[in-house]
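Remember, predicted model here, so these are calculated numbers, not experimental data. We count ligands from 1, going down the list as the structure has it; atoms in each ligand are counted the same way.
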Amino acid sequence: MPWLILVMPRLTSASCECGYSVNATGDAEYAVFTDMIENDFLHTGTDNLTENGWRPQEYNVSKANSRGPYGKQFVVDNIETNSLKDRYSWAGDSDHGGEAGLQLWVREDHSHGYVSGSEMASVRNDILLGSFRVAMKLSNSSGTCGAFFWFYNNSQEIDMEFLSHQFNQSQGAVNLVLQTPYSVDQGFNAAGSPDFKVHSLPFRPDEGFHEYRFDWLADRVSFYVDGKWVIDMTDNIPTNAGHIFMNHWSNGDPGWSSGPPNADTALTVSYIKAYFNSTSEERADDYKDRCSTFDPTKVCAIPTQTVAPDPSGPQGNVTAGTYFFSMDNGKAPGQTTFNTTNHPVEGGATSSVALTSLTVYASFCFALLASAFLI
Ligand SMILES: *[C@@H]1O[C@H](CO)[C@@H](O)[C@H](O)[C@H]1NC(C)=O
Ligand SMILES: *[C@@H]1O[C@H](CO)[C@@H](O)[C@H](O)[C@H]1NC(C)=O
Ligand SMILES: *[C@@H]1O[C@H](CO)[C@@H](O)[C@H](O)[C@H]1NC(C)=O
Ligand SMILES: *[C@@H]1O[C@H](CO)[C@@H](O)[C@H](O)[C@H]1NC(C)=O
Ligand SMILES: *[C@@H]1O[C@H](CO)[C@@H](O)[C@H](O)[C@H]1NC(C)=O
Ligand SMILES: *[C@@H]1O[C@H](CO)[C@@H](O)[C@H](O)[C@H]1NC(C)=O
Ligand SMILES: *[C@@H]1O[C@H](CO)[C@@H](O)[C@H](O)[C@H]1NC(C)=O
Ligand SMILES: *[C@@H]1O[C@H](CO)[C@@H](O)[C@H](O)[C@H]1NC(C)=O
Ligand SMILES: *[C@@H]1O[C@H](CO)[C@@H](O)[C@H](O)[C@H]1NC(C)=O
């Protein structure tokens, strides 16, 4: 397992009882987080994503509320798992053909005035501070917005948003945004604030998988691409606990998503890894039980992904193979872990967490979310 050899030296023999750290505890600067969510979508096949920690959303936003020429329709069935056929590999043929991973579709058909897209929210709603990472390949069809974000409300939101119309022959872009009281005052427009930055990428996000990451600390949000630091934002850092989201949509607005796309088109996610603190008392008690006295040798440093985790090309099986604590025996004590075909769960401790239902929340917040994206 070549990928393991690369990663192992960075890990201590700890079993992670005292959490997971960005940078090692011996470094000048580090941050420790008590909880994690890891999804290996290259090896996840399920009809019920909620069993893997994510709730696909189903709601409509009218044309008037979407503030574009089309309404938006979020449909559960537009999210599909498509695992690799070979459970031992990180590249190769997928179960349903096409790109392996979790697919979030936007549909071409908008004849009924709505563009049908996809969105999912983490079941966990207790997420406060953390390091959040997604490996994904964006849509290659102009006219969609694909986003990885953390959300509490319209003035506490951290976004990495990709507009496929911004991808051109050699490069692409990611829109890094904190939605803040300022952007709310400006009619949900963060442009012109220090919390909005269009960052050019030296590659096309629709041509390969890359890791997009944000580290949210009390005094800053740091954005990364393939492990390389991009920018810090320090104004109006969120202070409440919320959910992680992913979505893929279009409303035809020429000022943002553009489109709609002229073909069904997917954004494909190969993993999500989130290491974070929790506001849940139950989780705090669990942490005290497994780490009664803070011991830095019982903290596991989170490996930094320094290359694009891309399965294409002759080295694909090596580059796409990334480290998961939840697949490493005993490195996820007290954490919720998910079954994948790659890894029978029996090694990792599984605990269930009291989870608040999203149902009421969803209908309330998504009307707001819709407008949160308008720039
Ligand atoms: C990790 O260390 C780097 C410097 O090597 C620093 O820029 C970064 O802010 C540190 N991250 C945290 C979360 O402390
Ligand atoms: C996360 O919570 C733990 C336990 O309360 C604490 O020790 C740690 O400093 C917190 N991390 C951050 C970045 O605040
Ligand atoms: C999906 O899984 C969740 C969590 O286990 C469960 O509550 C829900 O009933 C399941 N939904 C369906 C349609 O089976
Ligand atoms: C969304 O609108 C479509 C088309 O009008 C309708 O069929 C569907 O039931 C609506 N979905 C929700 C969740 O309201
Ligand atoms: C990919 O690498 C894994 C080890 O990480 C190995 O078990 C598997 O056979 C390899 N697959 C291919 C197609 O080379
Ligand atoms: C876009 O991606 C799809 C599959 O993801 C592929 O079938 C299609 O050929 C691609 N189109 C272009 C223009 O690259
Ligand atoms: C978001 O929540 C904070 C804290 O509860 C509140 O002060 C702020 O007004 C809320 N923002 C919006 C847009 O509702
Ligand atoms: C390609 O896109 C980047 C980022 O959006 C932009 O800076 C650059 O000027 C564009 N290049 C061309 C040839 O359009
Ligand atoms: C995990 O998933 C595999 C494949 O779907 C299944 O055969 C196995 O029984 C599952 N294991 C557990 C512990 O749920």
**Student:** Number the atoms of ligand 4 from 1 as they appear, then name those within less than 4.0 Å of a heavy atom of Q73, with their elements.
**Tutor:** 1 (C), 2 (O), 3 (C)
**Student:** Does the plane of the ring in H110 sit parallel, tilted or perpendicular to the ring in Y70? Use 30° and 60° as the thresholds.
**Tutor:**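 Taking Y70 first and then H110, their aromatic rings stand perpendicular (interplane angle over 60°).
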**Student:** Please could you name the atoms of ligand 7 that S155 approaches to less than 4.0 Å, counting only its heavy atoms?
**Tutor:**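 Heavy-atom distances to S155 below 4.0 Å select 1 (C), 8 (C), 10 (C), 11 (N), 12 (C), 13 (C).
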**Student:** Using a heavy-atom cut-off of under 4.0 Å, does the side chain or the backbone of W229 touch ligand 1, or both, or neither?
**Tutor:** neither
**Student:** Which of the numbered atoms in ligand 1 are below 4.0 angstrom from a heavy atom of Y30?
**Tutor:** 14 (O)
**Student:** Could you find the nearest protein heavy atom to atom 7 (O) of ligand 1 and give me its residue, atom name and distance?
**Tutor:** E29 OE1, 4.3 Å
**Student:** Can you tell which part of L217 has a heavy atom less than 4.0 Å from ligand 1: side chain, backbone, both or neither?
**Tutor:** side chain
**Student:** Aromatic ring centroids of H199 and F223 under 6.0 Å?
**Tutor:** no
**Student:** Is there a path of hydrophobic side-chain contacts, each under 4.5 Å between heavy atoms of I, L, V, M, F, W or Y residues, that connects F203 with V134?
**Tutor:**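 Yes, it is one cluster - the side chains of F203 and V134 are joined through contacts under 4.5 Å.
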**Student:** Could you check whether T340 and N342, counting side-chain N and O atoms only, form a donor-acceptor pair closer than 3.5 Å?
**Tutor:**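 Not at all, the side chains of N342 and T340 share no donor-acceptor pair under 3.5 Å.
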**Student:** Does N240, backbone or side chain, put an N or O under 3.5 Å from an N or O of ligand 7?
**Tutor:**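 No - when backbone and side-chain N and O of N240 are compared with those of ligand 7, no distance drops under 3.5 Å.
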**Student:** In the protein, what heavy atom is nearest to atom 9 (O) of ligand 1, and what distance, to one decimal place, separates them?
**Tutor:**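 Heavy-atom neighbour on the protein nearest atom 9 (O) of ligand 1: R220 NH2, 2.9 Å.
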**Student:** Could you identify the single nearest non-hydrogen protein atom to atom 4 (C) of ligand 1 and state the distance to 0.1 Å?
**Tutor:** N23 ND2, 4.6 Å
**Student:** Does atom 11 (N) of ligand 4 have any protein heavy atom closer than 4.0 Å?
**Tutor:** yes
**Student:** Taking distance alone, with no angle check, do D215 and ligand 1 share an N/O pair under 3.5 Å?
**Tutor:** no
**Student:** Does the protein put any heavy atom within less than 4.0 Å of atom 14 (O) of ligand 4?
**Tutor:** yes
**Student:** I'd like to know if the side chain of N247 and the backbone of S118 have a donor-acceptor N/O pair within less than 3.5 Å.
**Tutor:**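 No, the answer is negative, given that no donor and acceptor are paired below the 3.5 Å cut-off.
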**Student:** Only one of T268, D86, N82 forms a side-chain hydrogen bond (donor to acceptor under 3.5 Å, both in side chains) with S94, so which one is it?
**Tutor:** N82
**Student:** Hey, what's the ring geometry for Y212 with H210, parallel, tilted or perpendicular (30° and 60° as the breaks)?
**Tutor:**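 Rings of Y212 and H210: tilted, 30 to 60°.
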**Student:** What atoms of ligand 1 come closer than 4.0 angstrom to any heavy atom of V22?
**Tutor:**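 Under 4.0 Å from V22, ligand 1 has these atoms: 11 (N), 13 (C).
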**Student:** Are there more than 12 heavy atoms of other residues, nucleotides or ligands under 6.0 Å from atom OH of Y88?
**Tutor:** no
**Student:** For ligand 7, which atoms, with element, lie under 4.0 Å from some heavy atom of N153?
**Tutor:** 1 (C), 2 (O), 3 (C), 8 (C), 10 (C), 11 (N), 12 (C), 14 (O)
**Student:** Looking at atom 2 (O) of ligand 4, tell me if a protein heavy atom falls under 4.0 Å from it.
**Tutor:**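 Under the 4.0 Å cut-off, atom 2 (O) of ligand 4 does have protein heavy-atom neighbours.
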**Student:** When you measure from atom 5 (O) of ligand 4 to every protein heavy atom, which one gives the shortest distance, and what is it?
**Tutor:**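 Ranked first by proximity to atom 5 (O) of ligand 4 is N60 ND2, 4.8 Å.
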**Student:** Could you check whether T322 and K273, counting side-chain N and O atoms only, form a donor-acceptor pair closer than 3.5 Å?
**Tutor:**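 Yes, a side-chain donor-acceptor pair sits under 3.5 Å.
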**Student:** If you measure from CZ on R204 to OG on S170, what distance do you get to the nearest 0.5 Å?
**Tutor:**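 Result: 9.0 Å between the selected atoms.
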**Student:** Within the structure, does H112 bring an N/O atom to less than 3.5 angstrom of an N/O atom in ligand 4?
**Tutor:**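 It does not: no N or O of H112 is found under 3.5 Å from an N or O of ligand 4.
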**Student:** More than 12 foreign heavy atoms under 6.0 Å from CG of D47: is that the case here?
**Tutor:**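 Atom CG in D47 is not packed in, count stays at 12 or less.
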